[in-house]
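In what follows, chains are A, B, ... by sequence order, proteins preceding strands, each numbered from 1. Remember, it's a predicted structure, so these values are computed and weren't measured experimentally.
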2 protein chains.
Amino acid sequence: MVASATKTKIAQELEDAWVALFRAPPAVVERVNARIRSEGFLTVEWYDVLWALARAPAGRIRQRDLGKDLLIARYNLSRLIDRLAAEGLVERVPCPADARGFDVVLTDKGRDLRAATWPVYAQALREEIGSRLSTDEQCKLSRLLAKLV
Amino acid sequence: MVASATKTKIAQELEDAWVALFRAPPAVVERVNARIRSEGFLTVEWYDVLWALARAPAGRIRQRDLGKDLLIARYNLSRLIDRLAAEGLVERVPCPADARGFDVVLTDKGRDLRAATWPVYAQALREEIGSRLSTDEQCKLSRLLAKLV
DNA sequence: TAGATAATGTTGCGTTCGCAACAAATAGGC
DNA sequence: GCCTATTTGTTGCGAACGCAACATTATCTA
């Protein structure tokens, strides 16, 4: 690969957008997590897997597809599923159509825990995001972030 | 604390905004980091500390203020500074005005490494963000994310 | 259909994060 | 001044991440 001529200046708007993107979201996620944990429930990382499964047909998704949906790298998802399975919240079953793969299946325990967590989670989202952004702003934010993926 | 009556529904816009906020930024940051690391340079987490110091008067900021600027939790910043100091990129010196505190000072080595990293970093930002969002969109994104902090 | 290539998932290893508990110093209320 | 509460920073510990290397299976190509 030829080293391209890299200019040493970037636009202020680009710098500002990057700094905001880099710093703000983790802080917001941490606040949401802190609220949920203080009530004794799951982190959002765990929750989101259960949520994705709860929406999937038969509470079942192939691990590969789960990673793509949740934007989680393979090696991280692999161990995240390990932890969820160790808690009995999901199960890994061989994928019928592909001997390499696994379907991740939501257990009853996982389904119940997700449902129990939801009110606390929803409340955290209302307070951390709903109270700070109008509905219109929420839509704009979704749209802008979608362009970056 | 009295358990507040928590509704079990939230608006679709809020859910979408949260999901985007939760998933997209880490993926973008990881892509930027991968580019920079593939060229043998610093992760953005390290870079941003050096950057903040390079902008500060005399290349020097109190650790507490650095944490607030960068939105890094105390216990994480403490160890991040440890690592940077172990590499000789910064130094910790007692804060003259407050015996509890430390000023973090950029070393010559840190200054040089930051400068050397910049072209690669800037190029990564142009490609990952500049090419996906217009200047106007970049401004909107900054503004929306600022509201969440 | 054999051989090379790609996709899927796991694991060893070191790094980094997050909580809780802690020590030390300052600031405030009386 | 004195006692308490707050602020600042560190550390032990376990959880989670990220890279590189790996095994296994599927897919493509000739």
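- Of all heavy-atom pairs spanning A:A116 and A:P119, the tightest one is O-CD, 3.4 Å.
- Ring planes of A:Y121 and B:W18: perpendicular class, angle over 60° (limits at 30 and 60°).
- Whole-Å rounding puts the A:L71 CG to D:dG18 P distance at 12 Å.
- In this structure, B:Q63 atom CD and D:dT7 atom P are separated by 17 Å, rounded to whole Å.
- Applying the side chain to side chain donor-acceptor pair (under 3.5 Å) test to pairs two or more places apart or on separate chains, none has a residue in residues 72-81 of chain A.
- Contact annotation for A:R64: backbone-only contact, meaning every heavy-atom pair under 4.0 Å involves sugar-phosphate atoms and none involves a base.
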Polar atom pairs between nucleotides 25-29 of chain C and protein, under 3.5 Å, N or O only, would you list them?
unit_1: C:dT26; atom_1: OP1; unit_2: B:A99; atom_2: N; d: 3.3

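- Distances shorter than 4.0 Å separate none of the side-chain N or O atoms of A:R92 from OP1 or OP2 on C:dT8.
- Atom CZ of A:R31 is separated from atom CD1 of A:I129 by 9.0 Å, given to the nearest 0.5 angstrom.
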Identify all pairs in which a protein N or O lies below 3.5 Å from an N or O of nucleotides 17-23 of chain C, and state each distance.
unit_1: C:dG18; atom_1: OP2; unit_2: B:N76; atom_2: ND2; d: 3.1
unit_1: C:dG18; atom_1: O3'; unit_2: A:R37; atom_2: NH1; d: 3.2
unit_1: C:dG18; atom_1: O6; unit_2: B:R79; atom_2: NH2; d: 2.7
unit_1: C:dC19; atom_1: OP1; unit_2: A:R37; atom_2: NH1; d: 3.2
unit_1: C:dC19; atom_1: OP1; unit_2: A:R37; atom_2: NH2; d: 3.0
unit_1: C:dC19; atom_1: OP2; unit_2: B:Y75; atom_2: OH; d: 2.9
unit_1: C:dC19; atom_1: N4; unit_2: B:R79; atom_2: NH2; d: 3.4

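- Atoms OG and CD, on A:S142 and B:Q12 in that order, are 9.5 Å from each other to the nearest 0.5 Å.
- The distance from atom CD1 of B:I81 to atom C1' of D:dG9 is 12 Å, rounded to the nearest whole Å.
- With contacts defined as side-chain heavy-atom distances shorter than 4.5 Å, the pair A:L70/B:R23 qualifies.
- Between the CG atom of A:D65 and the C1' atom of C:dG9 there is a distance of 13 Å, given to the nearest Å.
- Taking atom CG of B:L70 as the reference point, atom P of D:dG9 lies 14 Å away to the nearest angstrom.
- A distance of 10.0 Å separates CD of A:E15 from NZ of A:K9, quoted to the nearest 0.5 Å.
- Other residues, nucleotides and ligands contribute more than 12 heavy atoms inside 6.0 Å of the CD atom of A:E45.
- Summarising the geometry, the separation between CZ on A:R74 and P on D:dC17 is reported as 16 Å, rounded to the nearest angstrom.
- In this structure, A:D48 atom CG and D:dA16 atom P are separated by 14 Å, rounded to whole Å.
- Straight-line distance from the CH2 atom of A:W46 to the C1' atom of D:dA15: 9 Å, rounded to whole Å.
- Proximity of B:T43 to B:R37: side-chain heavy atoms (C-beta onward) are separated by under 4.5 Å at one or more points.
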